[in-house]
Each structure stands twice: as structure tokens, then as C-alpha cells.
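Here the structure comes first, spelled out in C-alpha cells, and everything after it is commentary.
Just so it is clear, the values below take in all heavy atoms, side chains as well, and ignore hydrogens, waters and symmetry mates. Worth saying up front: this structure is predicted, and the values here are computed from it rather than measured. Below, chain A is the first sequence line, B the second, and so on; all start at residue 1.
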Amino acid sequence: MDQYQLAEIFDRISALLEIKGEVVYKRLAYKRAADSLRDLNADLQQLHAENRLEEIPGVGKAIAEKIAELLDTGHLRFLEKLEAEIPPSLVELLSIPEVGPKKALLFYKEAGVTSLAELEAAAREGKLSQLPGIGPRTEARILANIEAHTRRSVRMPLREARIAGERWLRWLRGLPGVQQADLAGSIRRWRSTIGDIDLVAASADPKPVMEAFVNHPEVKLVNDHGEYKSSVLLNSGISVQLWVQPPERYGTLLFHGTGSKDHNVRLRELAQQRGLSLSERGLVDKEGREQLFADEEQLYKAFDLPWIPPELRENRGEFEAARNGRLPELIRLEDLTAELHSHSNWSDGSLPILKMAQAARERGLRVLAITDHSQSLGVANGLSPERLRAQRKEIDAAQAELGDSILLLQGVEMEIRADGMLDLDDDTLAGLDIVIASLHVGLRQPREEVTRRMLTAIRNPHVDLIAHPSGRLLGRRDGADLDWDAVLAAAKEHGVALEINAHPDRLDLDDIYAHRAAEMGIPIAINTDAHSPADMDLREYGVYIARRAWLGPAQVINTWPAERLLRWLRERQPS
DNA sequence: GCCGTTTTCGGCCCGACTGTTTTCAGTCG
């Protein structure tokens, strides 16, 4: 059982305790422990063996004992008892907006509801509105929320949300009286999936802005409509939320709207320690005197902190780093000078090699690796050893045409086959400039099996890079159930780079694993997996995932000058 | 349940909005 599985168990305990009506701080303690386990950068088994579990932040005696029990036995009696009391399926009710722990428990106790399907049935039969404190309006809203939830059960991909969000932002900025407006929330933090679109605006007179917002023609349903905050559901099924405050309060508002929640809580705790109270409206002392902030820099400065980039605001140590002057120098788009994973029309790419190279050059890249699929991926017209040898001639010809404006590398994206074998022989691999290995098939295999396949690839001396390691497709397909401890350890041992695939459908490695990998000293690549020139413009998404992983340019091999990159590739070759 | 340059006990983030109420609980971000 690894740290992520443990984190999920403690999240579940937290949700069950919440429904059970335990004092709120007890369930918060379990949630903090879960977050902390997820961010842990140490060997859990070793901590346990050395009796040092309580050194994990948010883990005290009681939770340490539970971690130990789970590590030793794979079970937790405490959880089993809890689940006997509260049906575990009740937790899914909490995913419906407007249904929190109190209502979930009420529906269970008074209407016998134990699952989402039963809640929907009860709402349709009008049973909910007969319960105390629940009226017909609440019942109707719950039903509408369940229907919306089943239509769009997954979070939106970041790119879709950004495109929609930017359109709204342009509209908002065009309204009379709006002096400033920004995308906030998880879009501003570049999370890979987005729940809803959060907007903030500065206006001396919020009311007409709110009126315009809730009356926008795309609005299907108004959920909230207040003076400072409104939220709506669009015809497209997307939720949009808008906060407005006067310009002199815009700094605290933008901070508040950006989150994350845990980050905001930390700053409010810091305020409290100083006898102050922080909200989206400002900073207030005990006598009620207000201090206002028009921008975020000033707000952080009031706490003797440098401005913290939104991508880092996840309460994963950014406050400690900021306090000690140790915030990372984050990578930027212009630092990327190489694309090391791309496809031509030799396999499933759209264009010939020369055209792809010209497109890369136009985008300021200095190195492009052509890495078409290998033979077993028939649907993508994967390359055999013979076709790879033939492709080399075309790459040489393109290089001659391009001169030294951009360096072309011949590589391959080799299948890690479902049977555990690699798709090309070592002699063929030795003839290539760069070898990428990746999983496309057999992603649903059991953990041991799929991990073993991945380790075979990492241990092959010709393999330089693992592309989109988990194989996930956001919102469509979960990644493989890899043993990440083993994968990261092997990548470290063999000096194999791991990719942050920049394609918005993948964003894989995710920021959590990329952060762990980089901390271990594993080289990271940011590639778009371009099948066309337009794909190369998606590099930004990879860069922001890297920023969320606290990466600087030095840790990313695509920023290295060509000579250094070539030396790294050469030195990885077995002599 | 956790935690301590105010504390080993008594705290633990804050305000907006809604619905069902007659002064507030629940939910959300």
C-alpha cells in the first residue's frame, strides 16, 4: 500500500466522519493527514520501520497508529467499524452541489437514502420536500444538480475551460464600470482539470455588473445572485462564478478567488496569529480597522512574504519556501528550445518531416526529434526496423535542406507491448539518436504486471525517455495502476528521463509525480507529442504543469543547449 | 485529531448567499 492509496483512505474517513456529524476538526485532521501523505517525499515503509510516522505533518499518535495498521495488515478496523455505521455509498451524495453532510445524513436517516440513484428517486417522488428544513425549491435544485452531475460527471479539461473562460473575460472587461478583471480559481492555477470557471472583477459599482452577468444570453440557470457574488449554469452545462469588489479591494478578491482553498486558509491562519482577520474584502484588526489591498503583491507583503505564483498555491510548502526566500525560479515557455517527441506522416502525424521541422523552427525551437510509432502499433502505421532505416535518409535530406537552423534527431516512440516485450531489437535502437518508450496498450493490467513492463523499458540501456508515463487520457481513461515508487526509483537508477506530456488531453506526468521525480534528481522532459504544427503551440500547458511541480529550467532537458543534450544522449548509450 | 516564539489545553478561516424561517443553519469556495 503506497502513500496515495493511504491518502485516499484517510480522505474517505474524513468524508464519513463529516456525515456522521463528528466535530469538524476531527475530520479536518484526517483530511490534513491525507493531503500530507500525498505530498510526502520520503519512504513511508522506512518511516514506519524507524517509528517516525509522527514526523509527518498533521500526523499524531492516533493517525500514526492507523497508518501502521494499514501498512502491516492492509486493513483498518476503525474504517470497517465506521462503514458499518455509515453506508460508504453515502459519500457520493456529497458530490452533488447543495448536498452537504447534514442533508446527506438527514436523507439517510429519515428517507432511507443510501446512494445517488436512491436520492434521485426520492426527489422525483417528492419525498425530500416532506423532510424538516427541506422545501420544494431545495428539492427541485437537488434534482437539477443530480441531472447536471450525470451529464457532466467529470471535470472539464483545462484547455476547454481556458478557451471558454477567456471568452467570458473579454466580455466582462468590455462591460461599463469594470476596471479590471481576471480568470481566477483553478484555471489561474493551471490545474489539469477544472470544475467551474471563476471570474473576478473590480468595479466601483458591482450591482450592474452582476445584473449583466446573470442576464447573459448563455445563462440557463441562476444559482446565486448576490451583491458581491453570483453563480450561473450555462446552456453548455458549464458553471461560471463571478465575484465583484471595488478596485481598492481587488487584491484580496483576486487572492480569494484564486485559491486554492488550502492556500487561502493558511494565509488566514497567519492573519489570525497576528490578531487580524483576512477575507476577500480586506484585512481587519480587532478594533475593526480595515487595511485594503488593490493588488496581490501588497497583500503578501503585509505578511512579509514575496508574491507567490498561482501555480504554487496548493499548500504544498509554498509558505515555508516563501518565508525562507526559497521560492523556485520557475521555468517559462521561452526556456524551451527543443521538442523531443513528435510524429511525421511516416506514422500517424499529418505532415512530412521537413514541414514539421520548419514549423518547429518558426516557433523558435533549435532541436526537433522525429519519434514516430513503432511497428506493433498498427493503427498508427508504426515503423519496422526497415522503415526506420529508410526514414533516416529522409531525415538526413531534410537536415541538409535546413542547414544549421534547427537540429533534427531521429528517434522512435517504441511500444511497451502488452506481453511485456519491447517492440524493437537492441541493434535497431542503437542506430537511433533518441529512444522513447511508452504504454498505449494493456493499461488495465494489474499493478504488478504493468509495472513490470514499465521497468523492462526503463532498464533497457537504449531507452532515454518514458513518454506520458501513466497513459491517462483526461476525462476518458484512467492511467495505468503503476507502482510509482518502483518506477521513480528505476528511472533514478538508470538516469532515464520522464516526460510531462503537454497535450491537454494528457498532462502526464501530473504535477505531483513530476515534483517527486524532480526532487529525486530524475531529468524531466516537456514535449507536446506533436502530430501537427498546431500541437506545438500546446507547449505552454506542459510548462505550467512543470511550474506546478516547482520545476526550474535546469531540471528540464528541453532547455539544454543542443550540445549538452547530445552529450547526455551519447553518454547514455552503452559503449 | 493535531498542535504550541502567546498555549501541553483550548483553540482550530472567513464571508456570501439561499431557503425556510421568524433569527439562522447549511453549503460553498
Side-chain angles (χ1 to χ4, degrees), chain A residues 10 13-14 17-19 21-36 53-67 78 93-107 128-142 145 184-189 194-200 206 210 214 222-232 239-245 249 252-284 290 313 315:
Chain A
F10 287 113
I13 291 175
S14 176
L17 289 177
E18 191 178 14
I19 295 173
E22 267 291 357
V23 288
V24 58
Y25 298 108
K26 194 184 262 198
R27 73 153 245 276
L28 263 176
Y30 280 97
K31 192 193 163 278
R32 285 211 165 133
D35 290 345
S36 191
L53 288 172
E54 288 186 46
E55 289 176 21
I56 301 169
V59 173
K61 190 161 174 291
I63 293 182
E65 279 171 8
K66 293 184 176 71
I67 295 174
F78 175 77
L93 302 196
L94 301 183
S95 64
I96 302 302
E98 313 213 23
V99 180
K102 296 293 192 297
K103 290 197 189 114
L105 190 66
L106 178 75
F107 298 155
L128 300 184
S129 53
Q130 290 160 27
L131 300 173
I134 308 291
R137 305 178 72 157
T138 300
E139 186 172 60
R141 284 171 69 137
I142 286 175
N145 284 331
S186 43
I187 295 185
R188 184 163 181 242
R189 304 199 313 280
I194 303 297
D196 55 16
I197 295 172
D198 294 311
L199 296 161
V200 294
M210 282 303 177
V214 299
V222 178
N223 282 322
D224 301 324
H225 179 190
E227 193 179 349
Y228 300 115
K229 190 191 110 181
S230 295
S231 90
V232 300
S239 296
V240 186
Q241 181 156 227
L242 172 66
W243 286 276
V244 186
Q245 288 284 341
R249 300 181 191 270
T252 36
L253 177 65
L254 179 59
F255 167 81
H256 175 84
T258 298
S260 66
K261 188 175 191 286
D262 291 342
H263 178 89
N264 291 2
V265 166
R266 279 294 299 275
L267 200 63
R268 290 198 201 112
E269 284 171 353
L270 287 182
Q272 198 190 39
Q273 285 166 18
R274 300 178 178 206
L276 303 166
S277 169
L278 173 65
S279 78
E280 63 264 47
R281 296 179 51 78
L283 196 54
V284 189
E290 273 193 317
R313 299 186 195 171
N315 192 27

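- Among the atoms of the strands shown, only primed sugar atoms or phosphate atoms (P, OP1, OP2) are found under 4.0 Å from some heavy atom of A:L278.
- Comparing the C1' positions of B:dG29 and B:dT23 gives a spacing of 25 Å, expressed to the nearest Å.
- Nucleotide B:dG11 forms a Watson-Crick or G-U wobble pair with B:dC2, both donor-acceptor distances falling under 3.5 Å.
- A cation-pi arrangement is absent between A:R249 and A:Y228, since the terminal nitrogen or guanidinium carbon is not both under 6.0 Å from the aromatic centre and inside a 45° cone about the axis.
- Comparing B:dC3 with B:dT8, their C1' atoms sit 9 Å apart, to the nearest whole Å.
- Proximity of A:Y25 to the phosphate of B:dG1: no side-chain N or O atom is located under 4.0 Å from OP1 or OP2.
- Rounding to the nearest 0.5 angstrom, the gap separating the CD1 atom in A:I19 from the CG atom in A:L106 is 12.5 Å.
- Phosphate proximity of B:dC12 to A:Q272: present, with a side-chain N or O under 4.0 Å from OP1 or OP2.
- Taking atom P in both B:dC17 and B:dG4, one finds a spacing of 36 Å when rounded to whole Å.
- Taking side-chain N and O atoms only, A:T138 has no distance below 4.0 Å to OP1 or OP2 of B:dG19.
- Counting to the nearest Å, the P atom of B:dG1 and the CG atom of A:D35 are 18 Å from each other.
- With P as the reference atom, B:dG11 and B:dA16 are 25 Å apart, rounded to whole Å.
- The side chain of A:R268 contributes no N or O atom lying less than 4.0 Å from OP1 or OP2 of B:dC14.
- Considering only side-chain N and O atoms, A:S230 lies nowhere under 4.0 angstrom from the phosphate OP1 or OP2 of B:dC17.
- Comparing B:dG10 with B:dG15, their C1' atoms are spaced 25 Å from each other, to the whole Å.
- The nearest heavy atom of DNA chain B to A:Y30 and to A:G226 marks one nucleotide each, and the one closer to the 5' end goes with A:Y30.
- Note on A:V24: nothing from the nucleic acid sits closer than 4.0 angstrom, heavy atoms only.
- When distances are taken from the side chain of A:K261 to each of B:dA16, B:dC13, B:dG15, the shortest belongs to B:dC13.
- The side chain of A:K26 contributes an N or O atom lying less than 4.0 Å from OP1 or OP2 of B:dG1.
- Each of A:I134 and A:E98 was assigned the nucleotide of DNA chain B with the nearest heavy atom; the assignment lying further toward the 5' end belongs to A:I134.
- Heavy atoms of A:H225 sit under 4.0 angstrom from primed sugar atoms or phosphate atoms, though from no base atom.
- Distance check on atom P: B:dG26 versus B:dT21 gives 13 Å, rounded to whole Å.
- A distance of about 16 Å separates the C1' atoms of B:dC13 and B:dT27, rounded to the whole Å.
- Among the atoms of the strands shown, only primed sugar atoms or phosphate atoms (P, OP1, OP2) are found under 4.0 Å from some heavy atom of A:P136.
- Between A:F255 and A:H263, the two ring planes are tilted [angle within 30° to 60°].
- For the C1' atoms, the distance from B:dT20 to B:dC24 is 10 Å, rounded to whole Å.
- Summarising the geometry, atom CH2 belonging to A:W243 is positioned 5.0 Å from atom NE2 belonging to A:H256; distances are rounded to the nearest 0.5 Å.
- Residues A:R266 and A:D262 are not paired through a salt bridge, judged by the lack of any N-O separation under 4.0 Å between the basic side chain and the carboxylate.
- Within the 4.0 angstrom heavy-atom criterion, no nucleotide atom of any strand lies near A:L131.
- Within 4.0 Å (heavy atoms only), A:Q273 reaches at least one base atom of the nucleic acid.
- In this structure, the CZ atom of A:F107 is 12 Å from the C1' atom of B:dT27, given to the nearest Å.
- At least one side-chain nitrogen or oxygen of A:R141 sits closer than 4.0 Å to the OP1 or OP2 atom of B:dG19.
- With A:E18 as the partner, the salt bridge (Lys or Arg N to Asp or Glu O under 4.0 Å) test is satisfied by one option alone out of A:K26, A:R27, A:K31: A:R27.
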